[in-house]
Each structure stands twice: as C-alpha cells, then as structure tokens.
Protein chains: 2
Amino acid sequence: MGVRMTDIDRIDRRILKQLQADGRISAVELADKIGLSPTSTGERMKRLQRDGYIAGFGARLDPHRLGLGLLVFVEVSLDKTTPDVFEKFAQAVKRAPEVLECHMVAGGFDYLVKTRVADMAAYRHFLGEILLALPGVKETRTYAVMEEVKSDGMLPV
Amino acid sequence: MGVRMTDIDRIDRRILKQLQADGRISAVELADKIGLSPTSTGERMKRLQRDGYIAGFGARLDPHRLGLGLLVFVEVSLDKTTPDVFEKFAQAVKRAPEVLECHMVAGGFDYLVKTRVADMAAYRHFLGEILLALPGVKETRTYAVMEEVKSDGMLPV
DNA sequence: CTCAAGAACCGAACTTTATACGGCACATGG
DNA sequence: CCATGTGCCGTATAAAGTTCGGTTCTTGAG
C-alpha cells in the first residue's frame, strides 16, 4: 500500500518535532536549532508538507477562554437492526460542532464521542436534542471529565 | 473567577476560526478575508495571544505517515486503597509519549487514556510493560479504533 | 454643549522572513 | 571516468511582519 514516495531522516524528525510545538517558528530560527541553513530548512519543510507528513498548521485555542469549560466523553451503542445506521450517525456527527472527535471502536459499544460544551446544561441539551434524537441510537453512557491530566495530543516524533 | 481582562467580538471570532484552520495564514491574506487592514489584524492577533485565547501554534502531523497507525482508548480503574495512586498515575502518564491524552472522569472508571501506537504488537507492549506495570492500576478495558469518523478536534468559534 | 482622553483603525517607512536561482560538493551507476 | 541526481548553501528579490505617527470616533467629566 505504498503511497509514500520518500522516507524521512533524523533531521526531518527534528523539524517535525519543532513545528508541532511551534507552527509559526521562522525558517531562520528553526534552521539554527537544527544546524542547517534557512534555505535547506525551507526546502525540507515544503517537502514534508508535499509528502503529507505535515497535514497543515493551526492555532491552538483555549477552550476555557472560549466558554467551553466542560469536556465530556460519550459511549454510543447503535441499534444494528436498522440498515444505514452507521452511515447516518457518522454524517450527523460530522455536522455537529460540539463533537470534536468521534471514533468507531471494537468492544462493548460502537462509537466513542468526544464533546466540548459550556456546562452541564449545554451538555444536557446536546445529549437530549441532538445525540438521542438521531435514529438508531440505542444507548449512551456519559463520562464527564473532572481533570485533564494530559491534553496536548502531541505525537511522538 | 475573572482572570480575563478583555472580551472578544465578532471579528476576533472570525480571526480565531481562520487561524485554527490555517495557523500559517499571512496577516495580509487574513486581513482581507475579514475586511480589515493588515496592521489592525496583526494587533488583534497579538492581543488574542496575550490574553490567552490563542495558546500557541502547531503543525498537524499525519500519524499514519509517522508509523502510528493504531489509535486505542483505554479505560483505567485504580485501586483506591493505596494513597497517592492518582498522583503517581498522572505523573507516569505525562511521561509516556504513547499517551496523547489522559482524562480523569466521573463514572464507572477513573481515567480515560488516548493512545497512539504502531500496531497491536506495540499496544500489547505498552499495555503490559507500561500501563499495567504502574502501581495501583486495578483494571483496564481496551477499545481499539476501527474507523476515525471525526478527528480534527476543531473548537466551534 | 465642549473638550480631553482613550480606543481602534489605517497608511507609510523600516525590518525581517520567505522564495527563487545558481553554484558547489558528494555519492551513484553506467 | 563521466554523467546524473541529490542535498546543501549564499545571494538577490519579493513578500510579510512591525513600528510609528496620525485620523476618526466614542465616552465621560466639566
């Protein structure tokens, strides 16, 4: 299944690590962190993007500052007797802005949903009016996050 | 509990939205997307960072390209008879690079851990040698992700 | 009402960064 | 040996970031 054209070396990994931590670092500053010229650094950055190692850049926003103080995980079980439930559910979830992540899992339930809302009242509304309103949703289990021990989600490179 | 000094308006929200989607957009381009001069746009960006709405910038790396093809969630229950288990567990988790996220939750278990590894063999090693080796870990339930329906984790602004 | 003060925006000058180009060193394979 | 390709670098040009002064608008006190 090889779509990849090239492989990456030690220097590429250091570039990826730095860019993951600070996506707005200049090629000049990055260059002398890794001991290369700005030109070569820029070329490598462009190659890493072209080959898909870097999917994009983004600002990390503070959810609490934006009034999204409550993080909630929901386990969802679907009624598998109806056809298309998985498709419908997946599409609905992609449209819901409260849903940050949604993963189909193997195990005791079908989907694990990560949600961020303002407070419990907002979550109650989301659960009742949006999630449970979807056809085929048989059961949900809610886990409110009390403390975010680790949240950055940085990949080990 | 007001630490915030200022509030944000409609224009700030559009800036945040754009920067979340593309953290490397130039102030010039961003400026005419939102109908403002590059100067004012730059000033607002700096203010949004200073006030903590923007925590930072980062590159979005493709986990599959980096050989981290398997996403796994683990529910962890701790043995609450021992003192300090929560502290120890939290600190160990912060040190583990395989752990992308870890949240203490209210409900049937104690921690929900999000992990990314190369494959099942790597996960087996992580579970046995690292997670279960921690003192106080009573029980774990593993949920391997079969399909990532939604993964970006963009906040609604 | 008048006026001073502050906030937000803008354009222009200046500084820094990105990009494109040409050349150099080195490894590879015919 | 030589041709080719790759990676690196320095320079020059184009673009973006940054600072500064000045304008308008709002606000609140006199």
Side-chain angles (χ1 to χ4, degrees), chain A residues 1-62 64-67 154-157, chain B residues 1-62 64-67 154-157:
Chain A
M1 55 92 82
V3 183
R4 93 174 60 109
M5 289 281 145
T6 59
D7 230 9
I8 61 174
D9 61 9
R10 202 185 308 100
I11 299 179
D12 288 323
R13 297 202 115 85
R14 294 176 65 186
I15 292 178
L16 291 177
K17 186 169 187 157
Q18 293 290 335
L19 285 178
Q20 190 178 25
D22 179 6
R24 280 222 145 188
I25 190 174
S26 72
V28 178
E29 191 177 347
L30 180 56
D32 73 50
K33 267 182 196 282
I34 63 174
L36 222 61
S37 76
T39 307
S40 298
T41 305
E43 285 168 357
R44 278 176 181 261
M45 279 176 57
K46 222 170 64 178
R47 175 172 53 79
L48 289 169
Q49 274 191 270
R50 177 172 46 77
D51 293 350
Y53 294 96
I54 299 175
F57 294 89
R60 282 187 292 268
L61 307 185
D62 184 340
H64 293 91
R65 272 297 165 93
L66 294 169
M154 292 261 188
L155 295 182
V157 295
Chain B
M1 54 97 79
V3 183
R4 94 175 58 112
M5 289 282 144
T6 58
D7 230 8
I8 61 175
D9 60 11
R10 201 185 311 99
I11 298 179
D12 288 322
R13 297 200 116 85
R14 294 176 64 187
I15 291 177
L16 291 177
K17 184 169 187 157
Q18 292 290 336
L19 285 177
Q20 189 178 27
D22 180 7
R24 281 221 145 186
I25 190 174
S26 70
V28 177
E29 191 177 348
L30 180 56
D32 72 49
K33 267 182 196 281
I34 63 174
L36 222 62
S37 76
T39 308
S40 298
T41 305
E43 285 168 357
R44 278 176 182 261
M45 279 177 56
K46 225 171 61 178
R47 174 171 53 78
L48 289 169
Q49 274 191 268
R50 177 172 44 77
D51 294 350
Y53 293 96
I54 299 174
F57 294 89
R60 283 187 291 268
L61 307 186
D62 184 341
H64 293 89
R65 272 295 166 94
L66 295 169
M154 292 260 187
L155 296 182
V157 293

Visitor: In whole angstrom, what separates E43(A)'s CD from dA18(C)'s P?
Guide: 14 Å
Visitor: Whole Å only: how far is the CG atom of L30(B) from the P atom of dA16(D)?
Guide: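 That distance rounds to 12 Å.
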Visitor: Using whole Å, report how far NZ of K46(B) lies from C1' of dG17(D).
Guide: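 In whole Å, dG17(D) C1' lies 10 Å from K46(B) NZ.
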Visitor: Looking only at the side chain of R44(B) (C-beta and beyond, no hydrogens), which of the listed nucleotides dC8(D), dC9(C), dT19(D) gets closest?
Guide: dC9(C)
Visitor: With a 4.5 Å cut-off on side-chain heavy atoms, are K33(B) and T41(B) touching?
Guide: no
Visitor: Verify side-chain contact (heavy atoms from CB on, under 4.5 Å) between M45(A) and I54(A), making sure each step is shown before the conclusion.
Guide: CA-CA 9 Å; M45(A) 279 176 57; I54(A) 299 175; 5.6 Å; no
Visitor: Please report the distance, rounded to the nearest Å, between CD1 in I8(B) and P in dA8(C).
Guide: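 Atom CD1 in I8(B) sits about 14 Å away from atom P in dA8(C).
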Visitor: Would you mind telling me which of dA18(C), dC10(C), dC9(D) lies closest to the side-chain atoms of S40(A)?
Guide: dC9(D)
Visitor: Considering only side-chain heavy atoms of I11(A), which listed nucleotide, dA16(D), dC8(D), dT17(C), is closest?
Guide: dC8(D)
Visitor: Given side chains that start at C-beta, do those of D22(A) and E29(A) come closer than 4.5 Å, heavy atoms only?
Guide: no
Visitor: Round to the nearest Å and state the distance from Q49(A) atom CD to dT19(C) atom C1'.
Guide: 14 Å
Visitor: If you go through the side-chain atoms of T39(A), does one of them form a donor-acceptor pair with the base of dG10(D) closer than 3.5 Å?
Guide: yes
Visitor: dA8(C) C1' sits how many Å from R10(B) CZ, rounded?
Guide: 15 Å
Visitor: Could you tell me if the side chain of L36(B) sits less than 4.5 Å from the side chain of E43(B), heavy atoms only?
Guide: no
Visitor: Between atom CG in D32(B) and atom C1' in dC10(C), what is the gap in whole Å?
Guide: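 Computing the D32(B):CG to dC10(C):C1' distance gives 15 Å.
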Visitor: Over how many whole Å does the gap from I25(A) atom CD1 to dA16(D) atom P extend?
Guide: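 Distance check: I25(A) CD1 to dA16(D) P gives 20 Å.
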Visitor: From the list dT19(D), dG17(D), dC10(C), which nucleotide is the closest neighbour of the side chain of L36(B)?
Guide: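 Given the options dT19(D), dG17(D), dC10(C), the side chain of L36(B) is closest to dC10(C).
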Visitor: Find out whether I8(B) and Y53(B) are in side-chain contact, i.e. whether some heavy atom of one side chain is under 4.5 Å from a heavy atom of the other.
Guide: yes
Visitor: Side chain of S26(B) only, please: which of dA16(D), dA18(C), dC9(D) is the nearest?
Guide: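 Nearest to the side-chain atoms of S26(B), counting from C-beta on, is dA16(D).
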